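So the structure is just underneath, and the comments pick up after that.
A quick note: this is a predicted structure, and the numbers were derived from the prediction, not measured. In what follows, chains are A, B, ... by sequence order, proteins preceding strands, each numbered from 1.
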Amino acid sequence: MSVAYQHAREPSYLDVDRRLVSWLTTTDHKRIAILYLLSITAFFALGGLAASVIRLELFTPAGDLVDADTYDRFFTIHGIVMVWFFLIPSIPSVFGNFLLPIMIGAKDMAFPRLNLLSWYIYVLGGLFTVATIVAGGVDTGWTFYTPYSTMYTSSAVILAATGVIVVGFSSVLTGLNFLVTTASLRAPGMTWMRLPLFVWAMIATGLILVLATPVLTSVLALVALERIFGVGVFDPAIGGDPLLFQHLFWFYSHPAVYIMVLPAMGVVSELVTCFARRRIFGYRAMTLAIFGIAIVGFLVWGHHMFVSGQSGAASTAFSALSFLVAVPSAVKVFNWVTTLYKGRIRLDAPMLYAFGFLAMFTIGGLTGIMLAHLGIDVHVHDTAFVVSHFHFIMVGGSVMAYLGAIHFWWPKMTGRRYPERPARWAAVLLLLGFLVTFLPQFVVGYLGEPRRVHSYPPELAIWNQISTVGAVVLAVAYLMPLVYLLRTLFHPADAGPNPWGAKGLEWTIPSPPPKENFSAPPVVEEPYAY
Amino acid sequence: MTEASTIAPRVDHAFLVMVIASTMLTLTLFALVTWFSIRFHESRETDRSNPPVENTKLEVAWTSALTLAFLACFFWGASVYGAMRALPLRNDTLRIDALAKQWVWKFQHPTGRREIDRLTVPLGRPVVVRLHSDDVIHSFYVPAFRLKGDAVPGRDTTLWFEATELGEFRLACAEYCGTSHARMEGVVEVVPAEDYDRWAAQ
């Protein structure tokens, strides 16, 4: 087979036209994915730098490294950058863009030019964020709580909010493209129940992006109106209600958690089946679970408000729904574990990342169950316990899956294999560094350390110091892939179309793929026909 | 960690049970992943015939089991929360007015006595705190009491506790409120009931 296609070889999408202008005007979903990969990596580095300042400051109980105002700006920019400029676009915009059309047997997205536009909008939003930093930063926290954000802070709220509003349009366009592309461009034979679970995850993510993002746009626009013109929406001094802000903000921001984690789940389904060499266990249950999470995920936002002054009846209802949304997540974990049974298991780096995801997501999910418990939440709400919980989901879960995806599809995207040994070390180091960083934060949280503090009681120092040491290990684990993956680019393409022996249409075409993806109509099989 | 209110042992009990149950579940899953990875590693010849790909009964079974377990946790949580929120009806209930503002706590006792960043309360009597805020949102948090409630501008919120231990306990602001958020701290001092009466009357 490889000889046959060597003859008919078209130039790859990387080689068709190497000029910068052709990259900047490309409508090829694969090139747009690479543009996103480069830009979100830059933002990940920025968010990571901000995180290091936070951890260094918290090494000692006293606020002594930077002053309080500076510290507040660092945790705010860390949150804004990591949520909107890294986590939300990460897997969808890089791997969704690169893989979704190929996985369904299409030449490109349904709206290729909108796809390019979404990247430009992302960059524009990013420029506002950089401008925010240049203008002295913003100190509201990524949650922009009112009336602090509208009437009290003197920092660059409008610039930061504008950046987030702008990048929201990029999310909506990407989501819309996923939905229309999957609905209309599937190859003959690619029935709905043959879609890879990664594609199902992209559909659910697309739905949430399209339905939830406009609410964020509206609420931040209202923040801006109140701040600039004094229109009373959220500040009670001029007839507004601060709880209204929280309801609207979390109506977006809770589903946004699922925007960050559903794509990771999609990735893990691809990794586990490939490295267990067998069909996924419970394809239907997995699909139903994706939509269970996406739909119920819209009905749990009030669990961010158990101590906010929200009514007891509302809190009770939101608690019940929050327990409910955990059921499909747990079902997915059980199905992945069962998929290993009677498999032919290989422990390459992507599988190690997938196992890391399973472990961290389980801990993140179970601590989420503790937070859904009304009695426990009142004590640990707004403490380091919550910080640790959502980092288990977002770093232990989503970032772990994102790195697993980079390793797994790197040969497809670049045509190069990565060195396996350092990659395994990096995966193990990431897991260890992560645990050392975040397990102690559960402890200090339960002991009563609020989040977003610049200083804390001396008796909590030891836990914070362990956490900071863990963060150093974490940083090394992030830098390693950067080095060995970039080095592969200086070697000739050696991966071949299917280095993993994986199933799925993306592995039937050359690596890197030609511009049009398929030179002959793809032959579609059942999903995961190992 | 000190449990200094009537509600604190109930919170810790629920937390401990959930930590133990979660640890057991997590370890079981890790053990299965490890065992399958060894037993079915590609280097090993073993029976791999007919791997299961669909089992509706199993899916229904674990979905229902989880739902029931989670429902039980929900009712447990709701009952603790109910006890936290139901204001005490006892005659000896002490009512405190609290005002949060950037970055101090001010308290006023029924006798008119005022305190800043310090709240003196009697042991064994229910204390109802009515919270207001003058500017942004703050949150009244006494970790030793396992108690927290936001002070929201434009509305009054109420919380209550009954201290069960004498001593001084840390009061913190749990809702980010600007520059000195971390230093918006105070002390709740629990004194014998008679001492409180004498002190408050001064």
Side-chain angles (χ1 to χ4, degrees), chain A residues 63 68-69 72 141 145 147-148 152-153 236-237 241-243 278-279 281-282 285 307-309 312 315-316 319-320 323 326-327 330-331 333-334 337 340-347 355 358-359 362-363 366 369-370 373-376 378-379 381-383 447-448 450 452-457, chain B residues 1 10-11 14-15 18 22 25-26 29-30 32-33 36-37 40-42 48 51-55 59 62-63 66-67 70-71 73-74 76-78 80-81 84-85 102 135-137 139 141 143 146-150 152-155 157 170 172-183:
Chain A
D69 284 327
D72 297 345
Y145 264 29
Y148 184 74
Y152 288 88
T153 177
D241 182 354
L243 287 203
R278 59 159 285 183
R279 285 192 181 196
F281 178 78
V307 301
S308 67
S315 291
T316 310
S319 164
F323 278 108
V327 174
V331 165
V333 172
F334 293 167
V337 174
L340 301 175
Y341 178 68
K342 290 199 169 183
R344 186 175 293 278
I345 293 169
R346 292 177 53 164
L347 297 175
F355 282 175
L358 281 183
T362 301
I363 297 174
L366 287 166
I369 286 294
M370 297 172 197
H373 187 287
L374 283 162
I376 298 172
V378 168
H379 172 47
H381 179 82
D382 265 329
T383 67
L447 292 175
R452 295 170 172 163
V453 289
H454 176 233
S455 56
Y456 55 84
Chain B
M1 184 192 177
R10 292 188 66 179
V11 174
F15 182 66
M18 292 193 72
S22 301
L25 184 58
T26 311
L29 285 169
F30 292 1
L32 279 174
V33 169
F36 288 160
S37 300
F40 298 107
H41 192 267
E42 64 166 355
R48 294 188 173 88
V53 287
E54 202 82 49
N55 186 335
E59 301 279 1
W62 63 37
T63 307
L66 274 174
T67 310
F70 287 170
L71 267 181
C73 297
F74 160 71
W76 190 359
V80 177
Y81 189 63
M84 284 174 177
R85 286 184 69 109
Q102 286 177 327
D135 38 48
V136 302
I137 301 175
S139 195
Y141 180 31
R146 312 290 186 274
L147 177 75
K148 184 183 291 126
D150 285 3
V152 185
R155 70 170 72 198
T157 51
R170 188 164 71 97
C173 176
E175 182 64 63
Y176 173 71
C177 56
T179 308
S180 296
H181 164 57
R183 288 159 186 268

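- In this structure, a donor-acceptor pair under 3.5 Å is present between the side chains of A:H379 and B:Y141.
- When side chains are defined from C-beta on, B:L66 counts as touching A:F334, because their heavy atoms get closer than 4.5 Å.
- Heavy atoms of B:A172 lying under 4.5 Å from chain A belong exclusively to its side chain.
- Ring pair A:Y145/B:Y176: centre-to-centre distance not below 6.0 Å.
- Heavy atoms closer than 4.5 Å to chain A are found nowhere in B:L71, neither backbone nor side chain.
- Taken from CG in A:L374 to CE in B:M84, the straight-line distance is 8.5 Å, to the nearest 0.5 Å.
- Within the 4.5 Å cutoff, no side-chain heavy atoms of A:P236 are placed close to those of B:R155.
- The contact between B:R146 and chain A is made by backbone and side chain atoms together, counting heavy-atom distances below 4.5 Å.
- For the atom pair B:R48 CZ and A:R344 CZ, the distance stands at 4.0 Å (nearest 0.5 Å).
- Remark: B:D135 pairs with no residue by the salt bridge (charged side-chain N to carboxylate O under 4.0 Å, His left out) rule, at least two apart or across chains.
- Scored by the salt bridge (charged side-chain N to carboxylate O under 4.0 Å, His left out) test, B:R183 finds no partners at all (sequence neighbours excluded).
- In this pair, B:F36 and A:Y341 present their aromatic rings tilted. The plane angle is within the 30 to 60° band.
- With a 4.5 Å cut-off on side-chain heavy atoms, A:V378 and B:Y81 count as touching.
- Between B:T26 and A:L366 there is a side-chain heavy-atom pair separated by less than 4.5 Å.
- Of the possible polar contacts, one joining the B:K148 side chain to the A:H381 backbone as a donor-acceptor pair under 3.5 Å is found.
- Only the side chain of B:E59 comes within contact range of chain A, with at least one heavy atom under 4.5 Å from a heavy atom of that chain.
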